[in-house]
Amino acid sequence: MHTDFDVAVIGLGAMGSMALWQLAEDGLNVIGFEQFGVGHDRGAVGGETRLFRRMQTSRPDYTPIIDIARRQWHALQEFSSVQILTEIGGLTVGPANDPRLIAFRTAAQGAGVETETLGRKEMNDSSAANRPY
Ligand SMILES: Cc1cc2nc3c(=O)[nH]c(=O)nc-3n(C[C@H](O)[C@H](O)[C@H](O)COP(=O)(O)OP(=O)(O)OC[C@H]3O[C@@H](n4cnc5c(N)ncnc54)[C@H](O)[C@@H]3O)c2cc1C
């Protein structure tokens, strides 16, 4: 067995598996260790689905980093020929003057994330609800 590696990554969850992949892409000789096996369902990252948010209200400055990750998810999807990322937009509901809603919209606009404001009538309109993203 080959035992001469440039980098060993311990824990192949969200961070570790991506780090391992990117290090390998950079041409490094890497090895990963995962206590429960690759792709296990016993950690925070396991399970059928996970949400991918392009912005966090408290940290709009994360969006450029998240967009790098998004490009990598697309690259992984292309490489594996398996659809792993389904982008459908997000819906945040609340009274128009709710400070959290205002903060969300301000943060989204500041981060360059496209937003659309729908009133009650438009929300009830099925053509608006079924709009493709
Ligand atoms: C129920 C739940 C739902 C979530 N939903 C979302 C979501 O929808 N969207 C989102 O962005 N985030 C979500 N998160 C958060 C996200 O899963 C975590 O932020 C992310 O997984 C953290 O990545 P990590 O690599 O630090 O840890 P993990 O993904 O947990 O990976 C750590 C890995 O290290 C392994 N490990 C630990 N110790 C050792 C050891 N000694 N030897 C070998 N292996 C070891 C563990 O088994 C595990 O696989 C969710 C979290 C939970 C708990």
Side-chain angles (χ1 to χ4, degrees):
M1 183 186 157
H2 189 91
T3 54
D4 187 13
F5 296 96
D6 300 313
V7 180
V9 177
I10 318 274
L12 301 180
M15 305 295 171
S17 59
M18 289 292 144
L20 196 72
W21 172 40
Q22 289 302 303
L23 290 165
E25 284 283 305
D26 284 349
L28 294 175
N29 195 19
V30 297
I31 186 168
F33 296 93
E34 170 51 58
Q35 62 180 344
F36 297 130
V38 173
H40 69 86
D41 60 1
R42 297 175 64 184
V45 77
E48 285 291 307
T49 61
R50 283 295 179 267
L51 200 65
F52 186 92
R53 294 183 194 86
R54 275 195 72 212
M55 59 155 292
Q56 307 279 344
T57 312
S58 57
R59 296 302 304 263
D61 54 321
Y62 275 9
T63 300
I65 303 167
I66 294 169
D67 282 343
I68 294 170
R70 184 165 167 246
R71 284 200 291 278
Q72 288 172 335
W73 279 111
H74 278 284
L76 187 59
Q77 183 166 261
E78 203 168 305
F79 176 76
S80 63
S81 301
V82 175
Q83 189 182 2
I84 48 180
L85 189 66
T86 307
E87 297 183 270
I88 56 167
L91 182 65
T92 303
V93 181
N97 58 356
D98 186 305
R100 289 166 299 183
L101 205 63
I102 293 167
F104 188 87
R105 193 163 43 223
T106 305
Q109 286 164 353
V113 174
E114 193 184 330
T115 61
E116 184 179 0
T117 303
L118 302 176
R120 185 190 301 261
K121 185 178 174 307
E122 292 152 307
M123 282 290 293
N124 286 332
D125 179 352
S126 62
S127 63
N130 292 322
R131 185 173 302 142
Y133 281 89

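Just so you know, these numbers use all the heavy atoms, side chains as well, and skip hydrogens, waters and symmetry mates. Just so you know, ligand 1 is whichever comes first in the structure, and atom 1 is the first atom listed for that ligand. We number each residue from 1, following the sequence as shown. Given the structure is predicted, the values throughout are model-derived calculations rather than measurements.
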Note: P95 and L101 closest approach over all heavy atoms is O-CD2, 3.4 Å
Just by modelled atom types, is the G46 backbone N or O under 3.5 Å from a matching donor or acceptor in the R50 side chain? yes
Check residues 12-28 and write down every donor-acceptor pair under 3.5 Å in which the side-chain atom is one partner and the other belongs to a residue at least two apart or another chain.
| from | atom 1 | to | atom 2 | distance (Å) |
| --- | --- | --- | --- | --- |
| S17 | OG | G13 | O | 2.5 |
| Q22 | OE1 | Q72 | NE2 | 3.3 |

Residues at least two apart in sequence or cross-chain that pass ring pair (Phe, Tyr, Trp, His ring centres under 6.0 Å) with F36, listed by chain then number, are H40
Quick one: salt bridge (charged side-chain N to carboxylate O under 4.0 Å, His left out) partners of R54, sequence neighbours excluded? D67
Here the gap from R53 atom CZ to I66 atom CD1, rounded to the nearest 0.5 Å, amounts to 9.0 Å
Close residues, ligand 1: non-hydrogen atom nearer than 4.0 Å: I10, G11, G13, A14, M15, F33, E34, Q35, F36, H40, A44, V45, R50, L51
